[in-house]
Amino acid sequence: MKAACDAHASVAPYEKYKTWCDEYFYLKHRGEMRGIGGIFYDWHDSGNWDADFAFTQDVGRAFLRVYPDLVRRNFSVPWSEAEREEQ
């Protein structure tokens, strides 16, 4: 996601979206993160629709590159019934 943001730095500040993600997905009552990190942006509007759309497309492409690897890497990782119950 950093590369997607960096490729569109004029409309997509990585540190802002990374921080927003980390804060948004932090579970205060559990003192833990939800998920594995990334970026978060909502109502993104730099005023340049084409640039914003190009950024969003690159975010999607980045996700398509990384997600299959994450699934393959974790597919055979064992889990316990307690972990399943927590889900």
Side-chain angles (χ1 to χ4, degrees):
M1 295 303 139
K2 183 173 184 333
C5 287
D6 288 349
H8 302 273
S10 64
V11 298
Y14 173 75
E15 287 303 322
K16 175 183 176 182
Y17 293 159
K18 169 78 172 120
T19 300
W20 191 356
C21 176
D22 291 346
E23 291 171 356
Y24 184 85
F25 289 106
Y26 181 73
L27 301 175
K28 293 177 185 172
H29 63 285
R30 289 189 176 177
E32 65 185 28
M33 293 296 296
R34 178 173 51 128
I36 60 170
I39 62 170
F40 186 79
Y41 63 101
D42 198 4
W43 300 98
H44 177 85
D45 184 2
S46 71
N48 182 335
W49 191 93
D50 291 327
D52 294 344
F53 186 52
F55 164 62
T56 298
Q57 288 175 310
D58 280 351
V59 167
R61 289 182 190 109
F63 185 77
L64 285 175
R65 283 191 299 275
V66 72
Y67 189 74
D69 291 337
L70 290 171
V71 171
R72 280 187 216 95
R73 190 177 328 147
N74 293 291
F75 187 76
S76 62
V77 173
W79 48 271
S80 69
E81 282 303 316
E83 291 167 321
R84 179 66 176 175
E85 183 62 30
E86 184 177 325
Q87 290 178 343

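Values reported hereafter were calculated over all heavy atoms of this structure, with side chains retained and with hydrogens, waters and symmetry mates removed. Counting from 1, the numbers follow the sequence of the chain as shown.
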**Student:** Looking at Glu83 and Pro78, what are the two nearest heavy atoms and their distance?
**Tutor:**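 What the structure gives for the nearest pair is OE1-O, 4.3 Å.
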**Student:** Using a strict threshold of under 4.0 Å (side-chain N to carboxylate O), is an ion pair present between Lys18 and Glu23?
**Tutor:** no
**Student:** Rounded at 0.5 Å granularity, tell me how far CD in Glu32 sits from CZ in Phe25.
**Tutor:** 14.0 Å
**Student:** Would you give the length of the straight line joining atom CZ of Arg84 to atom CD of Glu86, rounded to the nearest 0.5 angstrom?
**Tutor:** 12.0 Å
**Student:** Shortest non-hydrogen contact from Asp69 to Arg65?
**Tutor:**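 Residues Asp69 and Arg65, closest heavy atoms: OD2-O, 3.6 Å.
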**Student:** Measuring from Cys21:SG to Met33:CE, what's the distance to the nearest 0.5 Å?
**Tutor:**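 One finds 6.0 Å between SG of Cys21 and CE of Met33.
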**Student:** With distance as the sole test, does Asn48 use its side chain to make a donor-acceptor pair with the main-chain N or O of Ala51 at under 3.5 Å?
**Tutor:**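 Pair found, side chain donor or acceptor close to backbone of Ala51.
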**Student:** Locate the shortest heavy-atom distance separating His44 from Asp52; write the atom from each residue and the value.
**Tutor:**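 The pair with the smallest heavy-atom distance is NE2-OD1, 2.8 Å.
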**Student:** Under a single-linkage definition using a 4.5 Å side-chain heavy-atom cutoff for Ile, Leu, Val, Met, Phe, Trp and Tyr, are Val59 and Tyr67 assigned to the same hydrophobic cluster?
**Tutor:** yes
**Student:** Rounded to the nearest 0.5 Å, what separation is found between the CD1 atom of Ile39 and the OH atom of Tyr24?
**Tutor:**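 With rounding to 0.5 Å, CD1 (Ile39) is 14.5 Å from OH (Tyr24).
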**Student:** Using every non-hydrogen atom in the two residues, find where Asp45 and Gly47 come nearest and quote the distance to one decimal.
**Tutor:**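 Of all heavy-atom pairs spanning Asp45 and Gly47, the closest is OD1-N, 2.9 Å.
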**Student:** What are the two closest non-hydrogen atoms of Ala4 and Phe55, and how far apart are they?
**Tutor:**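 Where Ala4 meets Phe55 most closely, the heavy atoms are O-CD1, 3.9 Å.
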**Student:** To check you understand the geometry: which heavy-atom pair defines the closest contact between Tyr14 and Cys5, and what is its length?
**Tutor:** CB-CB, 3.6 Å
**Student:** Taking a hydrophobic cluster as the set of Ile, Leu, Val, Met, Phe, Trp and Tyr residues connected by side-chain heavy atoms closer than 4.5 Å, whether directly or through intermediates, do Leu27 and Trp20 fall within one such cluster?
**Tutor:** no
**Student:** Calculate, to the nearest 0.5 Å, the distance between atoms NE2 and CZ belonging to His8 and Phe53 respectively.
**Tutor:** 11.5 Å
**Student:** How about Phe40 and Tyr17: are their ring centroids closer than 6.0 Å?
**Tutor:** no
